[in-house]
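Working notes, beginning with the structure itself.
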There are 2 protein chains.
Amino acid sequence: MKLSSKGRYAVMALVDLARFNEINPVSLRDISLRQGISLDYLEQIFSKLRKNEIVQSVRGTQGGYVLNKKAREIKLTNILDAVDEKVKTVQCKKELKKGCNGKPTKCLTHNLWDELETHINNFFDKKSLEDLVQDNLDRRV
Amino acid sequence: MKLSSKGRYAVMALVDLARFNEINPVSLRDISLRQGISLDYLEQIFSKLRKNEIVQSVRGTQGGYVLNKKAREIKLTNILDAVDEKVKTVQCKKELKKGCNGKPTKCLTHNLWDELETHINNFFDKKSLEDLVQDNLDRRV
DNA sequence: ATAAACCTGACTAAAATAGTCAAGTATCTT
DNA sequence: AAGATACTTGACTATTTTAGTCAGGTTTAT
């Protein structure tokens with residue numbers, strides 16, 4: 001089990017953006033250069049972030065992206081959700097009525113994975129973009 | 001990001017095994033039938049569990065597998081480790097000296113993923129096979 | 001002897017991942 | 001009006017991972 005880059009890139013890009021957000025729209029080109037993420041890939045990611053109203057786009061020269069809410073109000077959950085990177089521990093979930101694994105009852109470990117999912121999502125719910133930016137400033141000093 | 005079946009199956013199979021463990025070696029055939037997991041796949045999984053000394057094998061007729069330690073002493077961490085399903089949040093870890101993403105410094109979110117990994121592994125460290133068996137007995141009543 | 005069970009390694013179809021590529025459209029600056 | 005910058009969209013693709021299957025063993029109780 002591993003976290004995919006799309007999710008990591010999304011968070012990295014937003015932390016980068018959040019640091020310059022107050023001043024000007026931030027272009028993907030700048031983020032691409034600073035963070036070493038392919039421009040094309042960033043575009044894919046930001047398209048989703050925009051559709052989920054996490055960022056706003058400003059077209060034209062000097063354009064770029066701006067946060068759509070305060071950094072404090074953007075939680076990791078929102079970001080990962082937007083790029084379809086939420087944690088899914090069980091497949092059987094969608095077919096709850098049928099039970100797991102084609103059996104009429106829940107599988108022996110169903111509750112376990114449910115608990116795990118909650119555990120992880122708690123972590124994501126608590127962390128905001130602001131926390132991450134602050135974290136970086138702290139380390140810099 | 002999703003948990004893969006191999007890890008889930010390994011845990012399911014061991015919970016099943018743990019319930020009959022005291023009496024006799026449990027054959028993979030039985031686990032396969034009870035849990036609806038392909039026999040061939042189970043063999044692959046148990047080969048790893050054996051190499052990691054989580055189970056012992058008993059060959060020949062009436063053979064099967066037996067836990068190698070008390071259920072209380074087998075943690076989820078051990079199981080997932082054995083089948084190579086530990087959580088890996090960052091790739092850059094192996095190249096720590098070089099920093100992340102080919103850059104000379106850690107990426108903006110490095111600490112975050114580290115924290116997450118710890119958070120998840122804490123969960124796995126706490127849960128033992130015994131806990132899971134008990135959980136199932138509780139629900140049965 | 002034979003059947004039950006473990007053991008091993010190679011193989012493979014399907015899905016997910018991590019992008020790339022191409023062809024736009026909108027807006028600012030001059 | 002022209003050009004440059006930057007967003008926008010959708011299709012495409014190579015690679016890797018996943019989730020197994022398959023074939024051919026070996027060991028041991030009866």
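Each chain gets a letter, A, B and so on, in the order its sequence line appears, and its residues count up from 1.
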State which of [options] makes the closest approach to the side chain of [X].
X      : options                   : value
S27(B) : dC6(C), dG19(C), dT28(D)  : dC6(C)
T61(A) : dA19(D), dA18(C), dC28(C) : dC28(C)
R59(A) : dC7(C), dA18(C), dT25(C)  : dT25(C)

Nearest-angstrom distance from the residue atom [atom1] of [X] to [atom2] of [N]:
X      : N       : atom1 : atom2 : value
L17(B) : dA5(C)  : CG    : C1'   : 14 Å
Q56(B) : dT28(D) : CD    : C1'   : 16 Å
I37(A) : dT17(C) : CD1   : P     : 17 Å
I31(A) : dA6(D)  : CD1   : P     : 12 Å
R8(A)  : dG19(C) : CZ    : P     : 9 Å
L28(B) : dT27(D) : CG    : C1'   : 15 Å
D84(B) : dT18(D) : CG    : C1'   : 13 Å

Q: Looking only at non-hydrogen atoms, find the nearest pair between K75(A) and F124(A) and report the distance.
A: CB-O, 4.0 Å
Q | For L39(A) against S32(A), the heavy-atom pair lying closest together | A |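 Shortest heavy-atom separation between L39(A) and S32(A) comes out as N-OG, 3.7 Å.
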**Q.** Phosphate-side-chain proximity, Y9(B) and dT18(D), N/O vs OP1/OP2 below 4.0 Å
**A.**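 Indeed not, no polar side-chain atom of Y9(B) lies that close.
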Q. Within the pair S38(B) and dA19(D), is there a side-chain N or O less than 4.0 Å away from OP1 or OP2?
A.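 No, outside the criterion.
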**Q.** 5' precedence on DNA chain D between Q62(A) and D40(A) (nearest-nucleotide basis)
**A.** Q62(A)
Q | Residue whose closest nucleotide on DNA chain C lies nearer the 5' end, K6(A) versus L39(B) | A | L39(B)
Q: Please tell me if the side chains of D131(B) and L76(B) come closer than 4.5 Å, counting only heavy atoms from C-beta onward.
A: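 No, side chains not in contact.
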Q. Taking side chain as C-beta onward, heavy atoms only, is M12(A) less than 4.5 Å from V15(A)?
A. no
Check: residues 51-65 of chain B side-chain donor-acceptor pairs under 3.5 Å, at least two apart:
unit_1, atom_1, unit_2, atom_2, d
K51(B), NZ, S47(B), OG, 3.4
N52(B), ND2, K48(B), O, 2.9
Q56(B), NE2, N68(B), OD1, 3.3

(Q) Would the base of dT5(D) count as contacting R29(A) through its side chain, where contact means a donor and an acceptor less than 3.5 Å apart? (A)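 No, the side chain and the base share no sub-3.5 Å donor-acceptor pair.
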Q.
I need the I31(A) CD1 to I37(A) CD1 distance, nearest 0.5 Å.
A.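 Here the interatomic distance stands at 8.0 Å.
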Q) If you round to the nearest 0.5 Å, how far is CD1 of I45(B) from CD of E85(B)? A)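 Reported value, rounded in 0.5 Å steps: 9.0 Å.
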Q) Taking DNA chain D as the partner, which of residues 41-51 of chain B come within under 4.0 angstrom of it by heavy atom? A) Y41(B), Q44(B)
Q: Could you tell me whether V26(A) contacts a base, only the sugar-phosphate backbone, or nothing, with contacts defined as non-hydrogen atoms closer than 4.0 Å?
A: sugar-phosphate
